[in-house]
Amino acid sequence: MYPLYYYNKSHRNTTEKLIHGSVTSRLDYCNSVLYGIDAQHIARLQGIQNSAARIVTRTRKYDHITPVLADLHWLPIPARIEFKIALYVFKIIHDSAPSYLSSLVTRHAPPPPVHVANCTRQSTRHMQEVHLEPVVYTLTSFGARSFSYSAPLVWNALPLHVRTAPSIAAFKARLKTFLHHKCFE
């Protein structure tokens, strides 16, 4: 196989498919375990993604990369890690995640229903809103990187319209839009 810079002269869509197949898929593989690692390790991964973006768009080495990533709709590495964790939590809440992941998070108890004149009502917002209980660790070096710690932090920080998406496809679209705005605007 030729090095990727030989494919730079090909059509942009073809180059982008090659990059997705060979680079970004590797960056996304198990990236949820990278939550909370040192900035220097994230910077190395970000450099790989930046190089891949430069190959796809034929951008020069010293051109600013942030507008290129925004144009490609590629999230930076920290946002990709948050995306993966939030997606796992969405699957846990909707019972489509493995049981070993579901056992790592606890839901926050919902507010009690309001009794009004022999009717039990509960706000629609409270019925759809799911908060996760954060876990407290004494060993912060490893505990703060665990899924049971990071999942509630990432999930509870999402806006309500993202968390209450009706399907996984809608959740992915809303989450990517939210993270894109958070990173680039």
[X] versus [Y]: any side-chain heavy-atom pair under 4.5 Å?
X      : Y      : result
Val23  : Gln49  : no
Leu34  : Ile37  : yes
Leu72  : Glu16  : yes
Val89  : Val154 : no
Pro166 : Phe171 : no
His180 : Cys183 : no
Ile42  : Ile81  : yes
Trp155 : Ile85  : no

(Q) Under 6.0 Å between ring centres: does that hold for His20 and Trp74? (A)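 For His20 and Trp74, the ring centres are under 6.0 Å apart.
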Q.
Hydrophobic clusters here meaning ILVMFWY residues chained together by side-chain heavy-atom distances under 4.5 Å, can you tell me if Phe147 and Tyr100 are in one?
A. yes
Of the non-hydrogen atoms in [X] and [Y], which two are nearest, and what is the gap between them?
X      : Y      : result
Leu179 : Ala79  : CD1-O, 3.5 Å
Pro78  : Gln46  : CD-OE1, 4.0 Å
Val33  : Cys30  : CG2-O, 3.0 Å
Leu158 : Val162 : CD1-CG1, 4.2 Å

To the nearest 0.5 Å, tell me how far [X] [atom1] sits from [Y] [atom2].
X      : Y      : atom1 : atom2 : value
Thr59  : Leu69  : OG1   : CG    : 9.0 Å
Leu87  : Ser32  : CG    : OG    : 10.0 Å
Lys84  : Ser150 : NZ    : OG    : 12.5 Å
Leu75  : Phe178 : CG    : CZ    : 11.5 Å
Lys61  : Asn50  : NZ    : CG    : 12.0 Å
Leu175 : Phe90  : CG    : CZ    : 10.0 Å

Within the distance-only criterion (no hydrogens, no angle test), does the side chain of [X] pair as donor or acceptor with the backbone N or O of [Y] below 3.5 angstrom?
X      : Y      : result
Asn156 : Pro152 : yes
Arg54  : Asp63  : yes
Lys176 : His73  : yes

Q: Before giving the answer on side-chain contact (heavy atoms from CB on, under 4.5 Å), spell out for Ile48 and Ile77 the whole-Å C-alpha distance, their side-chain angles and the decisive distance to 0.1 Å.
A: CA-CA 10 Å; Ile48 293 169; Ile77 298 298; over 6 Å; no
Q: Considering only NZ, NE, NH1 and NH2 on the basic side and carboxylate oxygens on the acidic side, decide whether Asp28 and Arg80 come within less than 4.0 Å.
A: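 A salt bridge is present here (some side-chain N lies under 4.0 Å from a carboxylate O).
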Q.
Could you work out, with side chain to side chain contact (heavy atoms under 4.5 Å, CB included) as the rule, every residue matching Thr177, not counting sequence neighbours?
A. His181
